[in-house]
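Residue numbers run from 1 in the order of the sequence given. Just so you know, ligand 1 is whichever comes first in the structure, and atom 1 is the first atom listed for that ligand. Worth knowing before you read on, the calculation uses all heavy atoms, side chains too, and leaves out hydrogens, waters and symmetry mates.
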Amino acid sequence: MVKIYIDPGHGGMDPGAVANGLQEKNITLQISKELQKILVNEYENVSVKLSRNKDESVSLQKRTDAANHWGADLYVSIHINAGGGTGFESFIYPRVSQRTRTYQKLLHNEILQQVDFTNRGEKQANFHVLRATKMPAILTENGFIDTKLDVERLKNPRFIKKLARGHANGIAKALNLSEKVEKKYSGRGNSLYKVQIGAFANRDNAERLAEYALKLGFNVYIIEE
Ligand SMILES: [Zn+2]
């Protein structure tokens, strides 16, 4: 089971950055919940935990302790920027492993593939959540809450979904997640099209064919009827 820890920045008494009628804590939670949904629904063998599931105060120490205790494979902290500027940037702790650098690059690029944010670059910083985590950790700053151009995007639920999709695609690439069969072969809407390649009276024959299909790279399962 691949364990992914998602950390919606701020919450409760700490709203994070506030401007233009928006609070950072609410946007980070929206993106995180959407991200959790995509990962759980569309990928095999993943377990996802959030540092908070609602609007509540959780200390930074509690967040990193929980991820370390759980033994997460990846920590993704989601934030919205402030202070004047526009676009997207990501952070890792200085002097981390090559693996963490690669993860950052993958997430960074996949997110920018989904949204038309200015690329502010892959950066490093001595943030608590990056420093106190035992697993690769990445922090994303998804636009500026005090910049009109970015705020108009962040107010759009479709844009939030795209941000989540970008994070999910990056995480999937970084951790080599495999898509669920239902997702791979399903059409648009709720239709599900399954492909059957054999039916046998003898289970050995079914297993032989399944093994062959598996070797060819298909996701295979045998159903007894
Ligand atoms: Zn923040």
E44 and S178 side chains, donor-acceptor separation under 3.5 Å: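 No, E44 and S178 have no side-chain donor paired with an acceptor closer than 3.5 Å.
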Have a look around the Zn ion (ligand 1) and list protein N/O/S atoms under 2.8 Å, or say none.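 Listed by chain and number, the nearby protein N, O or S atoms are H10 NE2, E24 OE2, H79 ND1.
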Just wondering, more than 12 heavy atoms not from Y212 lying within 6.0 Å of its OH?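 For Y212, atom OH is not crowded (no more than 12 foreign heavy atoms under 6.0 Å).
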Can you tell me if M1 has over 12 outside heavy atoms packed within less than 6.0 Å of its CE?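 Yes - once you tally the heavy atoms of other residues, nucleotides and ligands closer than 6.0 Å, there are more than 12.
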Name all residues meeting the salt bridge (charged side-chain N to carboxylate O under 4.0 Å, His left out) criterion together with D65; count only those two or more places apart in sequence or in a different chain, and write none if there are none.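 So D65 forms no salt bridge (charged side-chain N to carboxylate O under 4.0 Å, His left out) with any residue.
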Students often mix this up, so state it plainly: with edges at 30° and 60°, are the rings of W70 and Y5 parallel, tilted or perpendicular?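 Tilted, since the angle between the ring planes falls between 30° and 60°.
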Check this for me, if you would: do E211 and R208 make a salt bridge, where the nitrogen-to-carboxylate-oxygen distance has to be below 4.0 angstrom?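 Salt bridge absent between E211 and R208.
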